[in-house]
Amino acid sequence: QVRLVESGGGVVQPGRSLRLSCAASGFNFSSYGMHWVRQAPGKGLEWVAGVRHDGSNKDYVDSVKGRFTISRDNSKNTLYLQVNSLRAEDTAVYYCARAHTIFGVVIVEPFFDYWGQGTLVTVSS
Amino acid sequence: EIVLTQSPGTLSLSPGETATLSCRASQSVSSYYLAWYQQKPGQAPRLLIYGASSRATGIPDRISGSGSGTDFTLTISRLEPEDFAVYFCQQYGRSPMYTFGQGSKLEIK
């Protein structure tokens, strides 16, 4: 069965960095777009970043551009999120999510069909 | 950016009743690109509906989605105890690639 397991969260001071990981199993990892979605305590969901199945294209929400970097290693079935220059407003549970990926004239990833359990990042001095 | 506004914020109903949750978009959204998720406390979101009206694997037919353009609806009939949760709608587009509604909480009356 599909399994996504995040790790790497923790308590970190403002301005510091972390690397989040998401280990995937149970499916052909290299055939799916992968994404990070976060949820601040008691708040809604916010898409953070995504990467194409082959790593060829990456996109970010404006608030993290220049600070966060998404990457993947298809040989290790692992997704990463390097988070730098952390701010208090980055405090959230970070979920790894698999995108339902449709290959056609263009690649479309319209929704997330599997989610990990999340890893909590707390930015505090 | 397409903003999704969900209503009501909180809906209080009893088991056996029908819940109707709304998701309104600030611009027209393709029905192919509108999804709904359920989230229970301490858990990750779970996909319920994609393409505005298609049920995800394992979702009972008591749960249905409808709508087009800027107005979408999630309907849950014959509410069961496990249905009481928070529901989010989501659209796929550009810049940002995905946006979510703020959520609707379905609570037991």
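Below, each value reflects all heavy atoms present in this structure, side chains not excepted, and no hydrogens, waters or symmetry copies. None of these values were measured; they are calculated from a predicted model.
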* To do: Against chain A, label B:Gln91 side chain, backbone, both or neither, depending on which of its atoms sit under 4.5 Å from a heavy atom there.
  => neither
* To do: Below 4.5 Å from any heavy atom of chain A, which atoms of B:Tyr32 appear? Answer side chain, backbone, both or neither.
  => backbone
* Establish whether A:Tyr80 and A:Tyr114 are linked, either directly or via other cluster members, by ILVMFWY side-chain heavy-atom contacts under 4.5 Å. => no
* To do: Taking all non-hydrogen atoms of both residues into account, name the closest pair between A:Ile107 and B:Tyr92 and its distance.
  => O-OH, 4.0 Å
* Asked: Under 4.5 Å, heavy atom to heavy atom, which residues of residues 85-98 of chain A contact chain B?
  -> A:Tyr95
* To do: Please look at B:Tyr98 and chain A and tell me whether the side chain, the backbone, both or neither of the residue comes under 4.5 angstrom of a heavy atom of that chain.
  => both
* Under 4.5 Å, heavy atom to heavy atom, which residues of residues 40-66 of chain B contact chain A? -> B:Gly42, B:Gln43, B:Ala44, B:Pro45, B:Leu47, B:Tyr50
* Asked: Counting heavy atoms not belonging to B:Arg24, are there more than 12 under 6.0 Å from its CZ?
  -> no
* Asked: Should A:Val2 and A:Trp115 be counted in the same cluster of Ile, Leu, Val, Met, Phe, Trp and Tyr side chains packed under 4.5 Å apart?
  -> yes
* Examine A:Ile102 and B:Met97 and state if one hydrophobic cluster contains both, with Ile, Leu, Val, Met, Phe, Trp and Tyr joined whenever side-chain heavy atoms are less than 4.5 Å apart. => yes
* Flag yes if B:Ile108 and B:Ile76 sit in one hydrophobic cluster, no otherwise; membership is Ile, Leu, Val, Met, Phe, Trp, Tyr, and two members link when side-chain heavy atoms are under 4.5 Å apart. => yes
* Asked: If contact means a heavy atom pair closer than 4.5 Å, which residues of residues 31-61 of chain A contact chain B?
  -> A:His35, A:Val37, A:Gln39, A:Gly44, A:Leu45, A:Glu46, A:Trp47, A:Asp59, A:Val61
* **Most contacts with chain A, counted as non-hydrogen pairs under 4.5 angstrom, among B:Glu1, B:Gln90, B:Gln102** => B:Gln90
* Asked: Would a hydrophobic clustering, with Ile, Leu, Val, Met, Phe, Trp and Tyr connected at side-chain separations under 4.5 Å, put A:Leu120 with A:Leu4?
  -> yes
* Asked: Which value, rounded to the nearest 0.5 Å, describes the distance between A:Phe111 atom CZ and B:Tyr33 atom OH?
  -> 11.0 Å
* Under the disulfide bond (SG atoms under 2.5 Å apart) rule, what pairs show up with a residue in residues 48-109 of chain B, not counting sequence neighbours? -> B:Cys23-B:Cys89
